[in-house]
Number of protein chains: 2
Amino acid sequence: MPLSPDFTDPRPGQVPLLLATAYRTMTDRFHARLAELGREPLRPAHGYTFRYVASNPDATTVDLAAHLGVTKQAASKAVTELADWGYVERRPHPTDKRAQVLALTRRGRDYLKLADRLWAEVEAGLAEVIGRERLAALDRDLRAYLDATHGDQAVPLRPVW
Amino acid sequence: MPLSPDFTDPRPGQVPLLLATAYRTMTDRFHARLAELGREPLRPAHGYTFRYVASNPDATTVDLAAHLGVTKQAASKAVTELADWGYVERRPHPTDKRAQVLALTRRGRDYLKLADRLWAEVEAGLAEVIGRERLAALDRDLRAYLDATHGDQAVPLRPVW
DNA sequence: CTCGAGTGGTCAACCAGATTGACTATATCG
DNA sequence: CGATATAGTCAATCTGGTTGACCACTCGAG
């Protein structure tokens, strides 16, 4: 049975599912590489947290929550977890006594660098199959779609199941 | 801030995330259409269940569980839920007294037809942005990738977060 | 300056969708 | 035939969330 039976039925409307399964495949390959390197298999939500904190030096827990599409309580829990593991730390907010600013530790920054490398590897795996030109076209097309559908608005990250 | 900050950093390895967010966007549009039509917003897992049962006339709960990537208990729960809602029914298995065969009800088949239509609509929305040729190319590329990475093996459907 | 409305983060209770464990009836195969 | 494996169900537990509440703090209109 090639692929899953979902794909053998030649009906329109299958590209969404192809996007999902291709992404899932890439995620699995990413995690497989992490495991090979003996690194902790942090979840995608952690990865998003890392990258958000790295890109937003003044990010607070509530900012992170909005970014992840979860409640502030869930975000706070994730931050506590990552702080316990030594990847993230909380610092006093420069102007707001209620808030705390999130920052990656050295350990967190190193992990993010590694993740970047591995994602590029995984993407190169796709390029090996379809070619670099097609990869670039894919990149452009998907960006165009997201721009058309969201414009300046944030794109939800959290999957639904 | 165009898109999310994840995309403005010009580093390699972003196509996986583009796949994920494009799929998430399409899922949201699909669910928005369902809501517009006043239909129950069944979860993606339900959709996968419908399609699997429709494509596999002798499917049992354990088969479904393997397909969804969950335990037999979780699959049984989902089936019970869909049966309670009138979309699925359990029938005696022709040869195995322990097992039950799953089948879509008329109501379930109608829902699946509607879902097919709406997914085609959502996909057409992507085609509007990138053109039908590029959509076909995307389709071919992703299939090639899944074939290269999985061959005849089933592709996992359940997202990780 | 005051004060009402709103907000950041934490604690606690609760929830939904899963997993693990167990069990009984049934199936398989040497 | 009997040992092992399996389908489906029930129950307990887990995990990653949400909701509700609360207190200290912020903001802006009057």
Side-chain angles (χ1 to χ4, degrees), chain A residues 20 24 27 31 40-50 52-53 56-85 87-103 156-161, chain B residues 20 24 27 31 40-50 52-53 56-85 87-103 156-161:
Chain A
R24 172 59 199 271
T27 302
H31 287 141
E40 316 90 313
L42 295 180
R43 299 190 285 114
H46 294 135
Y48 290 124
T49 299
F50 278 32
Y52 185 71
V53 172
N56 298 271
D58 299 320
T60 64
T61 307
V62 171
D63 296 332
L64 178 64
H67 181 66
L68 294 179
V70 299
T71 60
K72 56 185 180 175
Q73 292 92 334
S76 181
K77 191 173 166 186
V79 168
T80 297
E81 204 168 45
L82 290 177
D84 288 348
W85 296 338
Y87 295 112
V88 166
E89 62 192 2
R90 293 172 160 112
R91 294 178 181 160
H93 194 282
T95 58
D96 188 337
K97 285 191 169 52
R98 302 167 302 180
Q100 299 165 56
V101 162
L102 308 176
L157 299 174
R158 189 175 167 194
V160 288
W161 170 254
Chain B
R24 172 59 200 270
T27 302
H31 286 142
E40 316 90 311
L42 295 182
R43 301 189 284 116
H46 294 135
Y48 289 125
T49 300
F50 277 32
Y52 185 70
V53 172
N56 298 274
D58 298 323
T60 64
T61 307
V62 171
D63 296 333
L64 177 64
H67 182 65
L68 294 179
V70 299
T71 61
K72 57 184 179 175
Q73 291 90 333
S76 181
K77 188 174 170 186
V79 168
T80 296
E81 204 168 43
L82 291 177
D84 287 349
W85 296 339
Y87 295 111
V88 166
E89 62 192 359
R90 291 174 162 108
R91 295 177 180 161
H93 195 281
T95 58
D96 188 337
K97 286 193 166 51
R98 301 167 304 179
Q100 301 166 56
V101 162
L102 307 176
L157 297 175
R158 190 178 172 193
V160 289
W161 169 254

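These values consider heavy atoms only, across backbone and side chains, with no hydrogens, waters or symmetry-generated copies.
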Student: Would you kindly give the CG-to-C1' distance between B/Leu64 and C/dA18, to the nearest whole Å?
Tutor: 14 Å
Student: Mind checking whether B/Tyr52 and B/Leu68 have side chains closer than 4.5 Å, heavy atoms only?
Tutor: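 With C-beta onward as the side chain, the pair stays apart.
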Student: Can you tell me the distance, in whole Å, between the NZ atom of B/Lys97 and the P atom of D/dA5?
Tutor: 23 Å
Student: Once each nucleotide of nucleotides 5-11 of chain C is scored for protein heavy atoms under 4.0 Å, what B/S/- sequence comes out, 5' to 3'?
Tutor: -BBBBBB
Student: Within a strict 4.5 Å, meaning less than it, do heavy atoms of the A/Leu42 and A/Tyr87 side chains meet?
Tutor: yes
Student: Quickly work out the B/Leu102 CG to D/dT9 P distance and round it to whole Å.
Tutor: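 Spelled out: CG on B/Leu102 to P on D/dT9 is 10 Å.
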Student: Would you mind reporting whether B/Arg90 and B/Ser76 have side-chain heavy atoms less than 4.5 Å apart?
Tutor: yes
Student: Could I get the full list of salt bridge (Lys or Arg N to Asp or Glu O under 4.0 Å) partners for B/Arg98, not counting sequence neighbours?
Tutor: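 Applying salt bridge (Lys or Arg N to Asp or Glu O under 4.0 Å) to B/Arg98 gives B/Asp96.
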Student: Whole angstroms only, please: what is the CZ-C1' distance between B/Arg158 and D/dG16?
Tutor: 12 Å
Student: Between D/dG16, D/dG17, C/dT19, which one does the side chain of A/Val70 approach most closely?
Tutor: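 Of the options given, the side chain of A/Val70 lies nearest D/dG17.
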Student: Taking the side chain as everything from C-beta on, heavy atoms only, tell me whether A/Arg158 gets closer than 4.5 Å to B/Pro159.
Tutor: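 Counting from C-beta outward, A/Arg158 and B/Pro159 never come under 4.5 Å.
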Student: Measure NE2/B/His93 against P/C/dT26 and give the value in whole Å, please.
Tutor: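 Checked: the NE2 to P distance equals 15 Å.
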Student: Going by side-chain contact (heavy atoms from CB on, under 4.5 Å), name the residues that satisfy it together with B/Glu89, two or more places apart in sequence or in a different chain.
Tutor: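 Only B/Arg91, B/Ala103, B/Thr105 meet the side-chain contact (heavy atoms from CB on, under 4.5 Å) criterion with B/Glu89.
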Student: Of A/Thr95 and A/Arg43, whose nearest nucleotide on DNA chain D comes first from the 5' end?
Tutor: A/Arg43
Student: Using atom CD of B/Glu81 as one end and atom C1' of C/dA16 as the other, report the distance to the nearest whole Å.
Tutor: 10 Å
